[in-house]
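The figures here come from the full heavy-atom set of this structure, side chains too, leaving out hydrogens, waters and symmetry mates. Count residues from 1 along the sequence. None of these values were measured; they are calculated from a predicted model.
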Amino acid sequence: MITRSGFSMVETLVALTLSGVVLMLVSTTFLVQNRYYQSQREYAATHDAARALTERVASELRSVMPGGIIVGGARTLLIRSPIVLMGVCDIDGNRVHVHNEGGESPAVTSEVG
């Protein structure tokens, strides 16, 4: 009596099918986790950029001279810069005529130091 050991064709096909299903589940889980990780990285980068921008704006606003905020809106903010390089051309009483990058403009003597 000869006994043959090994796998039958049916057993091989069942094992191959089960391993294929397990491999598909593992790869799908990996892809979903990879997409989630990428979205979290993008969220963190956006959050960091927003925080840096907020800190920059707050720093600029802290350096504004009293009365320096001229117009503030929901999306705009017009301020007077505390540091402007210009040349004084003429002093006429309370008015000072200065020359800056934009051309000649009037200023009040209290604004010129």
Side-chain angles (χ1 to χ4, degrees):
M1 183 192 268
I2 300 175
T3 61
R4 295 185 178 174
S5 63
F7 299 109
S8 69
M9 183 62 102
V10 174
E11 292 172 331
T12 305
L13 287 175
V14 168
L16 188 61
T17 303
L18 288 176
S19 63
V21 168
V22 169
L23 184 62
M24 293 270 282
L25 290 173
V26 168
S27 64
T28 302
T29 303
F30 175 75
L31 291 174
V32 168
Q33 289 297 323
N34 194 23
R35 273 190 239 127
Y36 178 74
Y37 175 73
Q38 185 64 28
S39 69
Q40 288 301 310
R41 284 186 61 196
E42 291 172 0
Y43 174 78
T46 303
H47 188 265
D48 289 343
R51 184 178 58 235
L53 177 66
T54 303
E55 289 174 3
R56 175 72 187 260
V57 169
S59 172
E60 293 291 328
L61 288 176
R62 279 188 216 105
S63 67
V64 172
M65 63 185 156
I69 297 178
I70 299 171
V71 177
R75 294 182 177 224
T76 60
L77 183 64
L78 180 62
I79 62 173
R80 291 185 183 172
S81 176
I83 301 172
V84 177
L85 298 177
M86 61 185 126
V88 176
C89 298
D90 185 29
I91 297 176
D92 181 23
N94 193 25
R95 302 295 295 171
V96 178
H97 298 279
V98 296
H99 183 74
N100 56 17
E101 291 180 9
E104 189 173 333
S105 62
V108 181
T109 54
S110 62
E111 295 176 341
V112 177

- With a cutoff of under 4.5 Å between side-chain heavy atoms, which Ile, Leu, Val, Met, Phe, Trp and Tyr residues group with M9?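 Answer for M9: L13.
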- Query: Roughly how far apart are Q40 CD and H47 NE2, rounded to 0.5 Å?
  - Reply: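 Atom-to-atom, Q40:CD and H47:NE2 are 12.0 Å apart.
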- Message: List the residues meeting side-chain contact (heavy atoms from CB on, under 4.5 Å) with E55, not counting sequence neighbours, and say none if there are none.
- Response: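 By the side-chain contact (heavy atoms from CB on, under 4.5 Å) rule, E55 matches R51.
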- Task: For S27, check side-chain contact (heavy atoms from CB on, under 4.5 Å) against everything at least two apart and list the hits.
- Result: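 With sequence neighbours excluded, S27 shows a side-chain contact (heavy atoms from CB on, under 4.5 Å) to no residue whatsoever.
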- Are R41 and Y37 close enough that some pair of their side-chain heavy atoms sits under 4.5 Å apart?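 Result yes, sub-4.5 Å side-chain heavy-atom pair found.
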- Query: Under 3.5 Å, side chain of T28 to main-chain N/O of L25, donor-acceptor pair present?
  - Reply: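 It does not hold such a pair.
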